[in-house]
There are 2 protein chains.
Amino acid sequence: MKFSTRTEYGLRALSQLDKTGKKAVSLASVAKEEKISLAYLERMFASLKKAKIVKADLGKKGGYYLAKPAGQIKLFDVIIVLEGDVKPYKCADGAVCKPGGCSVHRIWVEIYKSLEKVLKNKTLNSL
Amino acid sequence: MKFSTRTEYGLRALSQLDKTGKKAVSLASVAKEEKISLAYLERMFASLKKAKIVKADLGKKGGYYLAKPAGQIKLFDVIIVLEGDVKPYKCADGAVCKPGGCSVHRIWVEIYKSLEKVLKNKTLNSL
DNA sequence: CATAATGCCGACTTAATTAGTAGGTTAAAG
DNA sequence: CTTTAACCTACTAATTAAGTCGGCATTATG
């Protein structure tokens, strides 16, 4: 139960976009500021763009910017993109896990709900 | 952010100990019931024993049993053992992360606290 | 005592995931 | 027509999780 560095990088990078006030921020500058590999950032931002969290301008003077004001971007949505699908707990077989989900499964859902609650109440502004 | 199968196995195995009513339950029987590899269970239970969550009787008719009533064993403590150290988020360098922890770090702590709260309020009885 | 069932221990292998790299193409600005 | 940016795909390396193996120690029981 830990966050990947991908998530750490992503949140730090996104807060850079907001910080500068510029329209578009190049990943090269983010990479320099946050000391993250440019190539790695590029791939992360491809996902973030696909998920409509950021938009991009091509060409010189181009770069990335938030698709919405920071206050409207939920950490939950960002983290789902960066951490990948939150895989539901799967019990090994029908004998162990009842149709409605086994006891362990139920606890897992409960924990997930509380996590979701926190993350849906925080936006990039909370950073 | 997901639980390892180790945690899944562990919780399922522990609930077996409680279920039967017997004093000591052999891992061989748990392995059979829950369809988990015996060798893997053995290693998990070594950790659980070290953490004083279970106790064991040696020899024939031996086996494992809960060190305390199920209602007194917090899921939090079990999960810490099975998932390993909950590593605190580490920012890359001082320039980015302020002495008191950077903004991303602060969110992480908050999430962790809410998780902790849920897990400390649940015991093996909740399964 | 001999045997079988059990926990105990450490080294090893394999599989999966995460992290990071390389090398190029396309678009816009000046 | 050069420079700086996003964009794209494939590859490698590192780390962690999952699972296996072989043998030893302890104890109940016939």
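Proteins come first, then strands; the chains are lettered A, B, ... in the order of their sequence lines, and each starts at number 1. Heavy-atom basis, side chains included; hydrogens, waters and symmetry copies ignored.
Legend: residues meeting ring-ring contact (aromatic ring centres under 6.0 Å, His included) with B:Phe76, ordered by chain and number and at least two apart, are absent. A search for salt bridge (Lys or Arg N to Asp or Glu O under 4.0 Å) contacts involving B:Lys23 returns B:Asp57, not counting sequence neighbours. Residues passing the side-chain contact (heavy atoms from CB on, under 4.5 Å) test with A:Lys68 are A:Gln72, A:Ile73, sequence neighbours excluded. In this structure, the side chain to side chain donor-acceptor pair (under 3.5 Å) partners of B:Lys120, at least two apart in sequence or on a different chain, are B:Glu116. In this structure, the side-chain contact (heavy atoms from CB on, under 4.5 Å) partners of A:Asn125, at least two apart in sequence or on a different chain, are A:Asp18, A:Ala70, A:Thr123. Evaluation of the side chain to side chain donor-acceptor pair (under 3.5 Å) rule for A:Glu110 yields B:Lys122 as partners, not counting sequence neighbours. Scanning for side chain to side chain donor-acceptor pair (under 3.5 Å) contacts around B:Ser4 gives B:Glu83, with sequence neighbours left out. Residues meeting the side-chain contact (heavy atoms from CB on, under 4.5 Å) test with A:Thr5, sequence neighbours left out: A:Tyr9.
Atom pair B:Phe3:CZ and D:dT16:C1' shows a separation of 17 Å (rounding to whole Å applied). Rounded to whole Å, the distance from NZ on A:Lys2 to C1' on D:dT16 is 7 Å. We find that CG of A:Leu17 is positioned 14 Å from P of D:dA5, with the value rounded to whole Å. Taking atom OH on A:Tyr40 and atom P on D:dC8, their separation rounds to 19 Å, with Å as the unit. Atom OH in A:Tyr65 sits about 12 Å away from atom P in D:dA6, given to the nearest Å. At whole-Å resolution of the value, CD1 in B:Ile36 and P in D:dT20 are 12 Å apart. Across the protein-nucleic acid pair, A:Asp57 atom CG and D:dC7 atom C1' stand 14 Å apart, rounded to whole Å. Look at CG on A:Leu38: it is 15 Å from C1' on C:dA19, rounded to the nearest Å.
Of all the residues in residues 23-30 of chain B, not one reaches under 4.0 Å from DNA chain D with any non-hydrogen atom. Contacts between residues 43-55 of chain A and DNA chain D, counted as heavy-atom distances below 4.0 Å, involve A:Arg43, A:Lys49.
Taking the six-membered ring for Trp and thresholds of 30 and 60 degrees, A:Phe3 and B:Trp108 have ring planes more than 60 degrees apart, a perpendicular arrangement.
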Item to check | Sugar-phosphate or base contact per nucleotide [nucleotides 23-30 of chain C; S, B, -; heavy atom under 4.0 Å] | outcome: ----BBB-
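Residue pairs meeting the ring pair (Phe, Tyr, Trp, His ring centres under 6.0 Å) criterion with at least one partner in residues 11-30 of chain B, sequence neighbours excluded, are absent.
Residue order along DNA chain D, read from the 5' end via each residue's closest nucleotide, puts A:Gly62 first among B:Thr5 and A:Gly62.
The side chain of B:Tyr9 sits closest to D:dG19 out of C:dG20, D:dG19, D:dA6.
Atoms CD1 and CG, on B:Ile53 and B:Leu124 in that order, are 8.0 Å from each other to the nearest 0.5 Å.
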